[in-house]
2 protein chains.
Amino acid sequence: MDAAPGFRPLYLQVKDLLIQRLATGAWRPGEALPSEFGLAAEFNVSQGTVRKALDDLAAQNLVVRHQGKGTFVARHTPQRALFHFFHLVADDGARALPGSRVLGLKTAKADRIEAEHLGLKPGTPVVRLKRVRLLGGEVAIFERIVLPAARFPNFVQRLPADVPNEVYRYYEDVYGITVARAVEKLKAVAATAEEAKALNLTRAAPLLEIDRIAYALDGSAVEWRLSRCSTAHHHYLSEIE
Amino acid sequence: MDAAPGFRPLYLQVKDLLIQRLATGAWRPGEALPSEFGLAAEFNVSQGTVRKALDDLAAQNLVVRHQGKGTFVARHTPQRALFHFFHLVADDGARALPGSRVLGLKTAKADRIEAEHLGLKPGTPVVRLKRVRLLGGEVAIFERIVLPAARFPNFVQRLPADVPNEVYRYYEDVYGITVARAVEKLKAVAATAEEAKALNLTRAAPLLEIDRIAYALDGSAVEWRLSRCSTAHHHYLSEIE
DNA sequence: GAGTGGTCTAGACCACAGC
DNA sequence: CTGTGGTCTAGACCACTCG
């Protein structure tokens with residue numbers, strides 16, 4: 001039942017197997033996993049061991065558990081996007097998903113910086129998306145998104161005219177790519193002329209820069225996003241516990 | 001063994017009792033708690049139930065568990081401060097605790113803003129500490145700290161000449177106050193004349209403002225801290241998963 | 001009522017620390 | 001060797017959902 005050499009706890013082995021299946025898309029986002037007893041029988045372990053693996057996955061937000069219903073593959077619902085992956089909040093505490101207006105969308109060959117951020121070789125095809133986003137009806141974020149084209153085939157052609165606001169949900173639905181983790185680096189910067197114009201600010205106004213790399217379930221980088229945000233009426237919320 | 005009315009799971013009741021004891025200082029930071037079996041006997045529950053409560057506390061960083069040794073009250077070690085409570089990182093990824101130089105220290109009556117942040121009545125005595133902090137040998141952070149004087153008796157007189165760099169550790173050691181949680185609000189702002197001078201920057205240079213309220217184990221606010229940081233060579237790191 | 005996850009227990013054994 | 005936390009199992013019962 002257990003491994004002599006590797007010596008990894010059983011429940012972690014089960015967890016690894018489950019993550020592997022999730023990463024390869026054995027179950028689609030939103031779909032139900034087999035029951036604890038079902039998985040236990042399949043893996044030849046006790047139900048308690050499967051439970052511990054699933055609890056771990058739930059703690060990492062990879063699955064969602066509902067008493068009486070089952071265990072489901074986590075989705076990027078608006079709720080989750082809002083509270084987990086989007087940290088800009090109005091100063092009065094209100095949260096709302098921003099609207100967006102696309103400024104540009106094209107494919108290109110990755111420059112050195114883009115390649116570095118996405119773990120690609122320079123020259124690899126990438127998709128570049130530029131847009132502004134609205135908070136509380138006002139233009140507040142100037143954003144550049146870069147994707148590895150290989151993992152998003154026909155992205156430019158396939159993207160609907162009104163670009164979906166919640167792109168992570170779109171990645172899931174259309175490409176089966178789950179954003180599981182992201183790292184954000186924040187700086188205070190001065191607005192460039194282009195940004196100042198797009199955001200109706202004076203040149204060199206202070207902006208909050210969010211440099212974010214998003215990672216898929218398999219640990220590979222799937223998106224680089226550079227957001228420059230006006231924080232006149234909003235702030236970035238970080239809760240530490 | 002269980003409660004009919006409230007209907008809170010046993011392990012959560014145990015957890016509540018343990019938090020209560022931690023908050024009242026029944027065990028000092030760094031001290032060992034009784035063993036799982038000891039606590040189980042005391043609370044008349046099974047060892048597994050105590051374990052689940054302790055696992056929860058460990059997940060919240062309130063206790064630290066060491067196989068073979070025991071369960072200990074968490075401390076604000078330099079390590080923990082660095083990785084958990086201090087998010088400014090050099091652009092090359094290096095982490096180091098900043099040095100500090102005190103600019104001012106006095107008691108005063110809380111103004112409206114301070115009172116609001118700390119959940120006090122305006123006019124309540126507070127301690128005000130103003131300092132600059134150094135990152136990589138360079139002055140990089142201009143910081144104001146406000147404390148409710150009632151919970152830090154004789155703070156001004158007692159503070160050593162060389163103000164401890166890790167004040168959270170100092171709060172624990174001297175006042176038995178554990179900072180368990182903090183909320184940070186980040187904005188990009190323009191440096192004031194005073195800040196620009198202290199940080200060797202041009203006036204109105206963009207700074208990252210970190211507005212942080214720290215909470216004790218009992219949930220009350222124990223510190224308001226306003227940091228204004230030069231992000232020329234550093235960034236604020238936020239990991240989302 | 002049948003099926004799911006959530007709680008609680010009890011006991012066995014393993015891994016690690018320290019005397 | 002003893003005592004600690006960590007893993008694994010097995011079974012009972014509870015709470016919730018749905019048909």
Side-chain angles (χ1 to χ4, degrees), chain A residues 1-19 21-22 27 29-75 77, chain B residues 1-19 21-22 27-28 30-75 77:
Chain A
M1 216 61 40
D2 53 330
F7 230 63
R8 194 163 164 71
L10 249 189
Y11 77 93
L12 287 180
Q13 296 180 40
V14 171
K15 183 182 163 191
D16 290 344
L17 289 171
L18 290 173
I19 288 184
R21 291 205 192 171
L22 288 169
W27 306 292
E31 202 177 333
L33 274 62
S35 75
E36 296 181 349
F37 280 104
L39 291 169
E42 183 176 340
F43 292 129
N44 274 300
V45 298
S46 79
Q47 177 253 6
T49 300
V50 170
R51 166 177 293 269
K52 192 152 194 218
L54 289 175
D55 282 346
D56 260 34
L57 293 178
Q60 286 177 44
N61 298 304
L62 298 183
V63 301
V64 176
R65 319 195 72 188
H66 290 297
Q67 184 173 163
K69 296 172 72 175
T71 302
F72 303 83
V73 183
R75 303 205 64 186
T77 63
Chain B
M1 218 60 42
D2 52 327
F7 227 63
R8 195 163 166 69
L10 249 188
Y11 76 92
L12 288 181
Q13 298 179 39
V14 171
K15 183 182 162 190
D16 290 343
L17 289 170
L18 290 172
I19 288 184
R21 291 205 192 173
L22 288 169
W27 305 293
R28 299 286 306 181
E31 201 178 333
L33 273 61
S35 75
E36 295 181 351
F37 279 104
L39 291 170
E42 182 174 342
F43 293 128
N44 274 298
V45 297
S46 80
Q47 177 252 5
T49 299
V50 169
R51 165 177 294 270
K52 196 156 192 218
L54 288 175
D55 282 345
D56 260 33
L57 293 177
Q60 287 177 42
N61 297 303
L62 297 184
V63 302
V64 177
R65 318 194 73 187
H66 290 296
Q67 185 173 162
K69 295 172 73 176
T71 302
F72 302 83
V73 183
R75 303 206 62 183
T77 63

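Just so it is clear, the values below take in all heavy atoms, side chains as well, and ignore hydrogens, waters and symmetry mates. Convention: sequence-line order gives letters A, B, ...; per-chain numbering from 1.
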Expressed as a whole number of angstroms, how long is the span from [X]:[atom1] to [N]:[atom2]?
X	N	atom1	atom2	result
B:F72	D:dG3	CZ	C1'	12 Å
A:F37	C:dG5	CZ	P	9 Å
A:D55	D:dC8	CG	P	14 Å
A:F43	D:dT9	CZ	P	13 Å
A:H66	D:dT17	NE2	P	10 Å
A:L39	C:dT4	CG	C1'	12 Å
A:R8	D:dG6	CZ	P	16 Å
B:L54	D:dT4	CG	P	13 Å

Next on the checklist: Please determine whether a side-chain nitrogen or oxygen atom of A:R65 lies at a distance below 4.0 Å from atom OP1 or OP2 of C:dT4.
Outcome noted: no
Item to check | Side-chain N,O (A:T49) to OP1/OP2 (D:dT9) below 4.0 Å | outcome: yes
To check you understand the geometry: which heavy-atom pair defines the closest contact between [X] and [Y], and what is its length?
X	Y	answer
A:F72	A:G30	CD2-O, 3.6 Å
A:L17	A:F43	CD1-CE2, 3.7 Å
A:A74	A:N61	CB-O, 3.2 Å

Checklist entry - Looking at B:T71, B:V73, B:V63, B:V14, which hits side-chain contact (heavy atoms from CB on, under 4.5 Å) with B:L57? => result B:V63
Closest to the [X] side chain: [options]?
X	options	result
B:K69	C:dA17, D:dA10, C:dG5	C:dA17
A:V45	D:dG6, C:dT7, D:dT9	D:dT9
A:S35	C:dG5, C:dT7, C:dG18	C:dG5
A:Q67	D:dT7, D:dC16, C:dT9	D:dC16

Item to check | A:T71 or B:L12, whichever maps to the more 5' nucleotide of DNA chain C | outcome: A:T71
Item to check | Sugar-phosphate, base or nothing in reach of A:Y11, heavy atoms under 4.0 Å | outcome: sugar-phosphate
Next on the checklist: Donor-acceptor check, side chain of A:Q13 to backbone of A:R8, threshold 3.5 angstrom: yes or no?
Outcome noted: yes
Item to check | Residue mapping more 5' on DNA chain D - nearest nucleotide basis, A:G68 or A:Q47 | outcome: A:Q47
Item to check | hbond_proxy A:R51 side chain to C:dG6 base (donor-acceptor, 3.5 Å cutoff) | outcome: yes
